[in-house]
Number of protein chains: 2
Amino acid sequence: MTDGTAHIHDHEHCIDTAIARARELCGAREVKLTPIREKVLEIVWRSHKPVGAYDVLDQLARTHKAARPPTVYRALDFLMAEGLIHKIESLNAYLGCGEAGHMHESQFLICRACGTAEEIVDDALDAALDAATKRSGFTVERKVVEIAGVCARCQTL
Amino acid sequence: MTDGTAHIHDHEHCIDTAIARARELCGAREVKLTPIREKVLEIVWRSHKPVGAYDVLDQLARTHKAARPPTVYRALDFLMAEGLIHKIESLNAYLGCGEAGHMHESQFLICRACGTAEEIVDDALDAALDAATKRSGFTVERKVVEIAGVCARCQTL
DNA sequence: AGTTGAATGTTATGTTGTATCATTAGCCCA
DNA sequence: TGGGCTAATGATACAACATAACATTCAACT
């Protein structure tokens with residue numbers, strides 16, 4: 001286990017919880033969490049680090065020989081549409097969403113030292129974003145907030 | 001002229017101003033705004049829309065046959081390091097910086113209808129970002145804020 | 001002129017993401 | 001029960017974005 005956050009939680013449990021939650025949500029919404037989609041979700045959740053689509057593909061291909069780029073991108077698109085994962089634009093990588101269920105704007109703290117990305121929910125920040133756009137008469141559809149730097153833990157190492 | 005913002009300003013003048021400013025800054029900093037770098041800056045400034053590296057390459061190649069992807073990426077890297085342009089991560093595209101000279105965090109309103117990206121400077125928003133990270137003990141190096149939606153003008157069309 | 005370091009040239013390749021059409025799987029229901 | 005519909009997946013090809021590595025040129029200083 002090389003995951004920099006492994007020390008603070010039971011990661012298998014955290015994956016299982018995320019998948020169980022995804023099943024519930026998809027059931028309630030009457031959309032299909034197919035085996036491929038579920039497997040991709042699990043692969044993304046296996047790390048708290050954002051993971052690239054082709055890394056997902058490599059891992060998926062171990063159990064699913066037919067996997068190709070479109071296989072992965074379709075699954076990722078589905079999972080994003082359902083709010084189960086996020087894309088980190090500044091890394092071209094994907095991350096499991098810890099707040100799945102209620103749609104929300106995502107804000108990330110990305111550590112360049114350990115590679116982890118922490119999703120934060122800050123209502124004051126979100127309000128400031130809305131205020132900034134309201135002034136311009138701009139209608140918001142998506143808010144990308146990605147803060148890169150060094151996390152508290154890595155600074156002490 | 002198909003630029004959605006062309007109606008509100010003299011674009012040639014705005015390009016000239018940006019290049020003159022870039023020359024000043026590079027002179028003061030004793031870094032070289034070479035012909036290639038200046039041409040790339042001009043190409044980026046020709047639109048208020050973020051422009052892809054390969055679009056820049058196509059345009060650069062008209063006057064500079066030897067241009068290749070590294071030619072363009074090197075120039076873009078230089079211009080970004082000097083704060084003369086920004087990269088829009090969610091579009092993989094580049095945009096002239098209207099606030100060149102003082103280093104600052106960039107925040108963008110990106111209209112999916114007309115393709116323009118407006119750079120905004122909102123101190124309250126920036127303060128909210130800092131507050132959010134301070135709480136986590138996170139050291140910020142770069143802040144990416146990209147708000148996508150529909151601009152005021154496009155909503156009325 | 002000779003040396004040095006930055007900039008550019010050149011070739012190749014790596015990485016990320018889509019378009020397109022064919023095939024399969026689940027579901028409704030006549 | 002099997003025909004017809006739609007969603008999902010398979011499969012091939014390619015487009016778009018970006019960098020590695022090494023060669024050459026150029027400008028500045030001595």
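Chain letters run A, B, ... following the sequence lines, proteins first and then strands; every chain starts at 1. These numbers come from the heavy atoms of this one structure, side chains and all, not from hydrogens, waters or symmetry mates.
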Please report, rounded to the nearest Å, how far the [atom2] atom of [N] is from the [atom1] atom of [X].
{"X": "B:I36", "N": "C:dA7", "atom1": "CD1", "atom2": "C1'", "result": "8 Å"}
{"X": "A:L33", "N": "C:dG26", "atom1": "CG", "atom2": "P", "result": "15 Å"}
{"X": "B:E30", "N": "C:dG5", "atom1": "CD", "atom2": "C1'", "result": "16 Å"}
{"X": "B:K32", "N": "D:dT25", "atom1": "NZ", "atom2": "C1'", "result": "13 Å"}
{"X": "B:D77", "N": "D:dA20", "atom1": "CG", "atom2": "P", "result": "10 Å"}
{"X": "A:D55", "N": "C:dG17", "atom1": "CG", "atom2": "P", "result": "11 Å"}
{"X": "A:L60", "N": "D:dT9", "atom1": "CG", "atom2": "P", "result": "10 Å"}
{"X": "A:K65", "N": "D:dA11", "atom1": "NZ", "atom2": "C1'", "result": "14 Å"}

Quiz question: going by heavy-atom distance under 3.5 Å, is there a donor-acceptor pair between the base of C:dG17 and the side chain of A:Y54?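 When only heavy-atom distances are counted, A:Y54 does reach the base of C:dG17 through a donor-acceptor pair under 3.5 Å.
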Side-chain donor/acceptor of B:R74 to base of C:dG9, under 3.5 Å: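 Between C:dG9 and B:R74, which were checked side chain against base, a qualifying N/O pair under 3.5 Å is present.
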Using a 4.0 Å heavy-atom cut-off across all strands, classify [X] as base, sugar-phosphate, or nothing.
{"X": "B:R37", "value": "sugar-phosphate"}
{"X": "B:F78", "value": "nothing"}
{"X": "B:K87", "value": "sugar-phosphate"}

Of the candidate nucleotides [options], which contains the atom at the shortest distance from the side chain of [X]?
{"X": "B:Y94", "options": "C:dT8, D:dA18, C:dT11", "value": "D:dA18"}
{"X": "B:R68", "options": "D:dT19, C:dT10, D:dA11", "value": "C:dT10"}
{"X": "A:T71", "options": "C:dT10, D:dG10, D:dT19", "value": "D:dG10"}
{"X": "A:H64", "options": "D:dG10, D:dT12, D:dA18", "value": "D:dG10"}

Using the ring of each side chain (for Trp, its six-membered ring), is B:H11 parallel, tilted or perpendicular to B:H48, with breaks at 30° and 60°?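 Because their plane-to-plane angle lies in the 30° to 60° range, the rings of B:H11 and B:H48 count as tilted.
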Taking for each residue the nucleotide of DNA chain C bearing the nearest heavy atom, is the 5' side occupied by B:P70 or by B:T34?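 Its nucleotide being nearer the 5' end, the pick is B:T34.
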Does any non-hydrogen side-chain atom of A:Q107 lie less than 4.5 Å from one of B:L129?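 No, side chains not in contact.
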Any donor-acceptor pair under 3.5 Å linking the side-chain atoms of B:E119 with those of B:S106?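 Absent: no donor and acceptor within the cut-off.
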Do B:S136 and A:E118 have side-chain atoms, one donor and one acceptor, less than 3.5 Å apart?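 No, A:E118 and B:S136 have no side-chain donor paired with an acceptor closer than 3.5 Å.
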Should B:Y73 be listed as having a side-chain N or O under 4.0 Å from OP1 or OP2 of D:dA18?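 True: B:Y73 side-chain N/O within range (under 4.0 Å) of D:dA18 OP1/OP2.
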Under 4.0 Å between a side-chain N/O of B:N92 and OP1 or OP2 of C:dT16, yes or no?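 No, because none of the side-chain N or O atoms of B:N92 sits under 4.0 Å from OP1 or OP2 of C:dT16.
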Measure the CG-CG distance between A:L125 and B:D126 for me, rounded to the nearest 0.5 Å.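 It is 10.5 Å, given to the nearest 0.5 Å.
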Once you round to the nearest 0.5 Å, how far does CD of B:E38 lie from CG of B:L84?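 Atom-to-atom, B:E38:CD and B:L84:CG are 11.0 Å apart.
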Whichever of A:V31 and B:E89 has its nearest DNA chain D nucleotide further upstream toward 5':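 It is A:V31 whose nearest nucleotide is closer to the 5' end.
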